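To start, the structure itself, in structure tokens.
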Amino acid sequence: MPVRSAALATAAGAALLLLAGPAASAAPHDARLVAESVTVDPTGRLAADGSITLSGTYRCTGGTGPVYVSSTVSQSDPSVRYGVGGTRAVCDGLEHRWVNTGTPDTVVLKPGAAHVEATLMELRPMGIAPLPSFHARHGQDVTLTAG
């Protein structure tokens with residue numbers, strides 16, 4: 001009987017560890033989702049030279065490689081997006097501002113409605129080449145103003 005009791009106790013302990021395992025590993029992931037974010041300001045600026053300036057805020061917590069806030073804009077065709085600059089991010093858990101400026105090569109943007117997507121992305125070292133790891137993404141309709 002003592003052997004059977006020990007085996008039963010061992011099996012019960014293993015089952016408890018398996019049940020507790022996913023909950024314990026999910027906590028840091030859930031905390032990261034709350035702690036990392038990127039926003040887009042509701043207004044972007046168009047300069048006379050055709051350049052566009054977009055901005056917003058971001059928050060991230062750590063990383064093993066460089067982290068950037070990139071942004072894209074679309075106007076008449078939502079399936080066609082144009083890259084607008086990139087900003088190096090500081091991942092210290094605090095909220096920071098980002099501002100990206102760029103001039104799309106093949107399109108002239110006009111004042112009015114547009115859609116902006118901002119992405120908080122890390123270039124994580126993996127072997128020979130760094131691989132992208134996405135921390136947060138946010139899309140928002142904005143108004144582009146001249147000035």
Side-chain angles (χ1 to χ4, degrees), residues 7 9-147:
T10 302
L16 285 174
L17 284 175
L18 288 174
L19 290 174
S25 65
H29 180 69
D30 292 344
R32 182 179 141 182
L33 290 176
V34 172
E36 298 194 323
S37 63
V38 63
T39 68
V40 176
D41 289 341
T43 304
R45 289 190 338 262
L46 285 171
D49 66 358
S51 65
I52 181 171
T53 300
L54 304 171
S55 58
T57 63
Y58 71 90
R59 180 188 313 261
C60 55
T61 55
T64 56
V67 180
Y68 297 91
V69 179
S70 63
S71 55
T72 61
V73 63
S74 60
Q75 199 161 45
S76 58
D77 182 355
S79 66
V80 179
R81 293 186 244 165
Y82 302 95
V84 180
T87 300
R88 181 81 185 255
V90 177
C91 291
D92 58 5
L94 300 175
E95 185 174 89
H96 297 276
R97 296 238 0 114
W98 64 269
V99 177
N100 291 346
T101 300
T103 305
D105 292 331
T106 60
V107 67
V108 175
L109 297 168
K110 297 178 175 85
H115 186 79
V116 172
E117 187 169 297
T119 304
L120 189 59
M121 182 202 58
E122 175 183 354
L123 292 175
R124 195 170 279 173
M126 296 283 192
I128 295 175
L131 296 177
S133 175
F134 297 94
H135 289 247
R137 185 181 67 150
H138 179 69
Q140 180 170 318
D141 290 334
V142 302
T143 301
L144 301 179
T145 60

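Note that the coordinates shown come from a computational prediction; the quantities given were computed from them, not determined experimentally. Numbering of residues begins at 1 and proceeds along the displayed sequence.
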*Counting N and O atoms only, with roles assigned by atom type, does the side chain of Gln75 sit under 3.5 Å from a partner on the main chain of His115, one being a donor and the other an acceptor?*
no
Donor-acceptor pairs under 3.5 angstrom involving side-chain atoms of residues 62-73: please list them, not counting sequence neighbours.
from	atom 1	to	atom 2	distance (Å)
Thr64	OG1	Glu122	OE2	3.1
Ser71	OG	Val84	O	2.7
Ser71	OG	Asn100	ND2	3.0

*Applying salt bridge (Lys or Arg N to Asp or Glu O under 4.0 Å), which residue pairs with at least one partner in residues 41-52 are found, sequence neighbours left out?*
Asp41-Arg97
*Go through the structure and list residues passing side-chain hydrogen bond (donor to acceptor under 3.5 Å, both in side chains) with Gln140, not counting sequence neighbours.*
His138
*With sequence neighbours excluded, tell me which residues meet ring pair (Phe, Tyr, Trp, His ring centres under 6.0 Å) with His96.*
Tyr58
*Would you check, one step at a time, whether the test side chain to side chain contact (heavy atoms under 4.5 Å, CB included) holds for Tyr82 with Ile52?*
CA-CA 11 Å; Tyr82 302 95; Ile52 181 171; over 6 Å; no
_With rounding to the nearest 0.5 angstrom, report the OG1 to CG distance, Thr57 to Leu94._
12.5 Å
*Which atom names give the shortest non-hydrogen contact between Phe134 and Thr119, and what distance separates them?*
CD2-CG2, 3.4 Å
*asked:* Looking at every heavy atom in both Thr61 and Glu36, which two are closest together, and how far apart are they?
replied: N-OE2, 2.9 Å
*From Ser51 OG over to Leu46 CG, what is the distance, rounded to the nearest 0.5 angstrom?*
8.0 Å
*For the side chain of Arg59 and the backbone of Gly93, is there at least one donor-acceptor N/O pair under 3.5 Å apart?*
yes
_For Cys60 versus Ala89, what's the shortest heavy-atom pair and its separation?_
SG-CB, 4.4 Å
*Please identify each residue that fulfils side-chain hydrogen bond (donor to acceptor under 3.5 Å, both in side chains) with Arg81, with sequence neighbours left out.*
Glu117
*Could you list the residues that satisfy side-chain hydrogen bond (donor to acceptor under 3.5 Å, both in side chains) with Thr53, not counting sequence neighbours?*
Thr101
*Work out which heavy atom in Leu109 is nearest to a heavy atom in Pro104; give both atom names and the distance.*
CD1-CG, 4.0 Å
